[in-house]
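The structure under discussion appears below in the form of structure tokens.
Because the structure is a prediction, the values reported are computed rather than measured. All values below were derived from every heavy atom in this structure, side-chain atoms included, with hydrogens, water molecules and symmetry-related copies excluded.
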Amino acid sequence: MKHLTPIIAGLALSACALDPSILQTDPVAQADTLAQANTGAAVGVAMPHIAAENIEAHIRFLASDELAGRGTGTVGYAIAANYVAAQMRLLGLEPAGDDGTYFAAVPMQQIQADRDYDQFTMDGVTYDQGHSVYVQLNPALAESSVTGEPVFVGYGVSAPARGHDDYAGLDITGKIVVVVDGIPDGLPSEEAAHHRSVKRDTAAAHGAIGMISLSDWSDEDAAEFTNGPAALPSIRLTSATGPSNYDQLRASATLDAELSAALFDGAEMSLEEVRAAMNDEAGARYPHFVLPHTVTIRQRSISQQFSDPNVVSILRGADPELAAQVVVLSAHLDHIGTVSDPGKPDQGCRADESGDAICNGALDNAAGVAVLLETARSFVELGTPRRSVLFIALAGEETGLLGSEHFARNPTIPAGSMIADVNLDMPVITYEFGDVLAFGAEHSNLGAITTRAAARLGVVVSPDPIPQQNLFVRSDHYSFVRQGIPAIMLSTGFASPDPRWDEGRGLMGFVQTHYHQPSDQLDGGLNVLFDQGAKFADINYLIAREIADSDEGVSWNEGDFFGDLFGRVAEE
């Protein structure tokens with residue numbers, strides 16, 4: 001799972017995150033939920049009874065030391081991809097990648113800033129990289145420079161349906177926008193997370209050529225960041241046509257607190273006054289104005305291109321009227337590899353006290369891929385579905401949802417054919433789970449389908465217990481949502497029927513102890529219950545089978561924010 005570290009603090013607030021009323025652990029509530037769910041279409045679907053031994057076999061191979069953590073761009077990932085392709089071939093699934101193969105290349109690059117070139121200049125005064133400023137990489141343009149007058153646009157959020165639009169009445173064509181971090185109050189958490197993630201897109205859509213972000217960093221903070229994480233190469237897509245519009249918004253920078261304040265010198269309001277106004281709840285609109293300076297941001301990057309494959313197969317549907325519709329089942333195949341060598345991309349692995357330098361990724365996400373493969377086996381064994389089903393093991397999730405972003409925008413099947421995505425990411429199968437989480441379930445009828453499927457196994461679907469962490473936008477399914485395709489991310493939950501269960505054995509315990517650590521491996525500190533992996537796979541199959549066989553299909557809920565925002569993409 002990508003970038004989960006920031007949620008640990010939220011998970012630690014167990015009094016809030018593990019409220020039993022939120023998690024639906026009351027036996028009467030569970031019984032009512034199951035009774036209602038069992039009235040649905042999933043009841044007529046044959047139960048697959050997936051073998052625990054099969055789940056174990058896949059995890060043992062994919063999480064073995066020989067694959068060295070399946071890091072992006074490594075031999076270990078290539079071996080994992082070939083293993084998954086071989087399993088798909090053994091099942092008789094049709095290849096659905098490039099040129100009649102199981103592999104669909106994801107064009108990537110190892111990219112690093114040219115620290116000797118990157119600069120920010122204001123009114124003739126130049127600040128080098130790491131000195132009060134962090135000049136950001138541009139993965140689309142090897143070298144770029146923008147000069148212009150900066151325009152302060154508040155948060156840089158355009159949400160007119162919620163009564164907030166920082167760009168209303170402004171012409172910023174050819175300008176450099178200046179934004180503060182954060183999101184205005186009053187937006188639902190998932191919408192807020194979306195708007196935070198698309199500030200570059202929003203600025204570019206309004207004609208901006210550059211962006212300046214204001215921070216509370218000290219100069220020492222800026223230097224530490226640019227000499228630390230930012231100094232190492234990173235991995236990005238090579239395409240300039242993806243989200244964030246790097247070809248349009250050509251250069252961007254983050255300023256420390258002192259330089260941020262200086263940017264407002266001579267303006268109609270100081271930065272301190274601006275922040276006070278933005279914190280005034282009575283204010284109906286935040287201040288926006290031109291800043292009386294000329295700034296230049298320039299950047300240059302050093303790039304080495306390569307590719308990793310998504311692994312893709314399809315089971316063609318049998319219904320002449322529905323077979324052209326495709327249900328996507330996904331799970332990311334990559335993990336974070338080994339402790340980085342000097343000069344190599346930092347994918348996040350850290351050696352433990354024993355010196356183990358391999359982050360094997362048994363549960364994140366070898367377990368998800370194992371469930372994906374056994375779900376495919378169940379489809380083959382239990383009969384051809386009415387709709388087609390696409391199985392995809394995704395590359396580059398840990399480095400930024402790269403494989404899913406590229407595939408969702410450049411699918412190897414007709415783009416308009418995909419009707420839903422069910423994504424599997426980090427099922428924590430270390431305890432007998434009594435509930436599952438289906439992030440995004442409330443946005444479409446996938447929620448009801450998931451509830452019916454889980455009920456067949458005596459499991460309930462709990463609401464997101466940590467909505468403030470915005471997990472809906474943090475995994476591969478969101479790449480499909482952005483293309484107008486309803487999607488959920490399925491995960492084990494926070495409840496268990498086992499009276500011996502405690503929080504330390506569940507998702508919270510895994511995140512705090514094993515997430516992105518060498519201990520996420522078999523035959524170590526993890527107590528992996530493969531029968532729970534099989535139960536989780538049974539639920540996944542039942543969800544997918546109902547989608548594939550139902551008369552109704554999948555649709556966004558009426559008036560849903562994401563459906564209204566992205567649904568049109570699928571229709572274009």
Side-chain angles (χ1 to χ4, degrees), residues 120-123 125 127 132-136 144-189 191-217 243-246 248-297 561 565:
F120 175 86
T121 301
M122 183 169 71
D123 299 333
V125 179
Y127 300 83
S132 299
V133 63
Y134 165 56
V135 177
Q136 297 165 351
S144 60
S145 177
V146 296
T147 299
E149 59 179 0
V151 181
F152 178 65
V153 293
Y155 288 113
V157 168
S158 180
R162 296 291 182 183
H164 185 100
D165 189 354
D166 286 322
Y167 290 93
L170 296 178
D171 181 6
I172 61 160
T173 303
K175 305 291 177 55
I176 299 171
V177 295
V178 178
V179 303
V180 297
D181 190 23
I183 293 294
D185 293 336
L187 296 178
S189 61
E191 293 183 31
H194 164 76
H195 285 296
R196 184 190 294 272
S197 70
V198 298
K199 287 188 179 185
R200 289 186 59 91
D201 296 327
T202 304
H206 286 84
I209 59 172
M211 175 180 282
I212 297 171
S213 300
L214 308 178
S215 79
D216 58 0
W217 284 353
S244 296
N245 291 287
Y246 284 98
Q248 160 71 24
L249 202 72
R250 301 194 299 272
S252 56
T254 298
L255 310 186
D256 74 355
E258 183 176 351
L259 188 52
S260 294
L263 192 61
F264 286 75
D265 288 346
E268 59 187 70
M269 297 175 70
S270 69
L271 178 56
E272 183 178 359
E273 290 170 334
V274 164
R275 291 191 185 278
M278 295 179 72
N279 290 327
D280 182 1
E281 294 182 0
R285 178 171 166 79
Y286 302 130
H288 307 86
F289 47 84
V290 175
L291 297 168
H293 303 284
T294 298
V295 301
T296 297
I297 310 170
F561 169 78
L565 179 63

Salt bridge (Lys or Arg N to Asp or Glu O under 4.0 Å) involving Arg162 - partner list, sequence neighbours excluded: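 Applying salt bridge (Lys or Arg N to Asp or Glu O under 4.0 Å) to Arg162 gives Glu191.
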
Do the non-hydrogen side-chain atoms of [X] and [Y] ever get within less than 4.5 Å of each other?
X	Y	answer
Phe264	Met269	no
Leu255	Ile212	yes
Ile183	Val157	yes
His288	Asp166	yes

If the condition is side-chain hydrogen bond (donor to acceptor under 3.5 Å, both in side chains), which residues does [X] pass it with, not counting sequence neighbours?
X	value
Asp181	Arg196
Ser252	Gln136, Arg200
Ser215	none
Ser189	none

Determine, step by step, whether Ile172 and Tyr167 satisfy the side chain to side chain contact (heavy atoms under 4.5 Å, CB included) criterion, reporting the C-alpha distance in whole Å, the side-chain angles of both residues, the deciding distance to 0.1 Å, and the verdict. CA-CA 8 Å; Ile172 61 160; Tyr167 290 93; 3.3 Å; yes

Can any side-chain N or O of Ser144 pair as donor or acceptor with the backbone N or O of Arg250 at less than 3.5 Å?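 Such a contact is found between Ser144 side chain and Arg250 backbone.
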
Checking Asp123 side chain against Val125 main chain: does a donor-acceptor pair fall under 3.5 Å?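 No, because the side chain of Asp123 does not come within donor-acceptor range (under 3.5 Å) of the backbone of Val125.
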
How would you list, by chain and number, every residue that makes a ring pair (Phe, Tyr, Trp, His ring centres under 6.0 Å) with [X], sequence neighbours excluded?
X	result
His293	none
Tyr134	Phe225
Tyr127	none

[X] and [Y]: which non-hydrogen atoms are nearest, and at how many Å?
X	Y	answer
Gln248	Ala204	CG-CB, 3.5 Å
Leu187	Ala192	CB-CB, 4.1 Å
Phe120	Ala253	CD1-CB, 4.4 Å
Gly182	Lys199	O-NZ, 2.8 Å
Gly148	Ile176	N-CD1, 3.7 Å
Leu291	Ala267	CD2-CB, 3.9 Å

Does Leu259 form a side chain to side chain contact (heavy atoms under 4.5 Å, CB included) with Trp217? I'd like the steps, not just the answer. CA-CA 10 Å; Leu259 188 52; Trp217 284 353; over 6 Å; no

Who are the side chain to side chain contact (heavy atoms under 4.5 Å, CB included) partners of [X], not counting sequence neighbours?
X	answer
Asp216	none
Glu258	Asp256
Glu149	Lys175, Val290
Thr296	Thr121, Ser145, Thr147

Using the ring centroid of each side chain, check whether His195 and Tyr155 are separated by less than 6.0 Å.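 For His195 and Tyr155, the ring centres are not under 6.0 Å apart.
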
Ser260 OG to Leu271 CG distance, which is reported to the nearest 0.5 Å: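 Reported value, rounded in 0.5 Å steps: 6.5 Å.
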
Applying side chain to side chain contact (heavy atoms under 4.5 Å, CB included), run through Leu214 and Leu263 and close with a yes or a no. CA-CA 10 Å; Leu214 308 178; Leu263 192 61; 4.2 Å; yes

Please report the C-alpha distance between His206 and Leu170 in whole Å, then the side-chain angles of each, then the deciding distance to 0.1 Å, and finally whether the side chain to side chain contact (heavy atoms under 4.5 Å, CB included) criterion is met. CA-CA 9 Å; His206 286 84; Leu170 296 178; over 6 Å; no

